[in-house]
Amino acid sequence: MTLLQVRDLAVEFSTAEGLVRAVKGVDFDVERGRTLGIVGESGSGKSVTSLAVMGLHRGAEVTGSVDFDGTELIGAPDETVRRLRGRRMAMIFQDALTALHPYFTIGDQIAEAHREHFGSSRRTAWARAVEVLGDVGIPEPARRAGEYPHQFSGGMRQRAMIALALSCEPELIIADEPTTALDVTVQAQVLDLLMKLKEERGLGIIMITHDLGVIARVADDVLVMYGGSAVEQADADALFTAPRHPYTRGLLDSLPRLDAGGAQGEETALRAIPGSPPSLLSPPAGCAFHPRCPLYAAAPQAACTDARPPLVQVAPSGHRSACVHPEVASPC
Ligand code: ADP
Ligand code: MG
């Protein structure tokens with residue numbers, strides 16, 4: 001069941017240097033009980049996209065459509081979006097210390113959010129705070145609810161932020177690099193927790209990350225962004241087994257592999273994609289990826305530089321890719 005439907009979403013910032021087109025017409029759906037992974041290098045427009053969904057851009061030109069369970073949010077009164085935010089859709093960030101207030105206990109902050117959205121009594125709100133802290137696997141939740149953020153470890157703080165997001169029983173959670181600051185073991189635990197909550201509560205989740213390893217672990221559907229555009233969209237299986245866009249292939253090649261070559265357990269060197277992400281102030285003509293594209297380098301096509309390639313369906317499953325190079329652009 002579709003919870004969130006985003007169509008032709010575009011975000012532009014007017015800056016002293018000129019117009020920054022950070023997101024250029026992106027489409028995606030989030031289904032209840034599924035995780036959409038949005039992946040791309042730093043600066044590809046992932047966070048700007050998620051903030052646009054949450055109605056959190058001030059001073060930016062946001063166009064297109066964001067339909068949350070039948071309510072259009074673009075152009076809606078501030079009050080409409082504010083009532084949904086924190087209540088039916090919530091966000092989790094990389095850095096819990098910026099999301100949590102240092103001078104209030106964890107329990108007070110969760111209880112306060114509950115009171116604000118449900119008008120509950122102090123006692124009910126506190127009980128709810130202790131309950132959700134337990135739900136996210138914080139030991140001794142009744143005691144730890146009385147502690148301050150700095151008394152929590154990094155992993156426990158991320159859990160507390162998830163508890164804060166969950167306290168009002170949202171239907172959609174947007175997690176923007178929620179585990180980037182954590183070590184690998186704790187990262188896996190936090191991702192597993194999110195997946196468990198998705199299954200148990202039928203949440204729709206948007207998982208934003210620069211790390212395809214995170215996508216492989218949690219995503220059902222994937223949107224690959226490059227320079228503010230979607231360059232590939234597919235279900236996770238199709239993306240990993242039959243990637244079509246050379247950018248996605250480059251990202252996959254740069255994943256450390258445990259199974260290929262080298263002594264057992266030894267990671268082969270990370271092959272990052274050569275070159276750097278495009279300037280959004282003066283992006284390359286045509287396909288923004290063409291200056292870094294191995295297919296273009298090997299066999300340049302006029303179509304690569306004439307116009308930005310549209311996303312077209314390349315497999316019946318709905319797999320879509322925005323590459324016009326003949327080597328990968330065979331129609332379905
Ligand atoms: P990421 O994919 O790493 O999350 P972002 O969505 O944060 O990337 O940023 C995409 C681009 O938009 C970046 O080039 C960033 O500099 C630009 N950008 C983001 N916010 C603003 C702003 N308020 N004003 C101007 N440019 C911005
Ligand atoms: Mg970001």
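As the structure lists them, so they are numbered: ligands from 1, and atoms in each ligand from 1. FYI, the numbering just counts along the sequence from 1. Only this structure's heavy atoms are used, side chains among them; waters, hydrogens and symmetry mates stay out. Not measured: the values here are computed from a predicted model.
Residues S42 and H210 have side chains that never bring a donor and an acceptor to within less than 3.5 angstrom of each other. A side-chain N or O of E41 and one of Y247 form a donor-acceptor pair less than 3.5 Å apart. Side-chain N/O atoms of R320 and Q313 include no donor and acceptor closer than 3.5 Å.
Environment of CZ in R143: crowded, with over 12 heavy atoms of neighbouring residues, nucleotides or ligands closer than 6.0 Å.
With sequence neighbours left out, the side-chain hydrogen bond (donor to acceptor under 3.5 Å, both in side chains) criterion links T180 to E177.
The salt bridge (charged side-chain N to carboxylate O under 4.0 Å, His left out) analysis of residues 148-170, with sequence neighbours excluded, yields the pairs R128-E169.
Protein residues with a heavy atom closer than 4.0 Å to ligand 1 are F13, T15, A22, E41, S42, G43, S44, G45, K46, S47, V48, L280, listed by chain and number.
E232 places no side-chain N or O within donor-acceptor distance of the main-chain N or O of S321, the cut-off being under 3.5 Å.
Among protein atoms, those of element N, O or S found less than 2.8 Å away from the Mg ion (ligand 2) are S47 OG.
The shortest heavy-atom contact between K46 and I38 is CD-O, 3.8 Å.
Classification of K196 and D135 as a salt-bridged pair fails, no side-chain N sitting under 4.0 Å from a carboxylate O.
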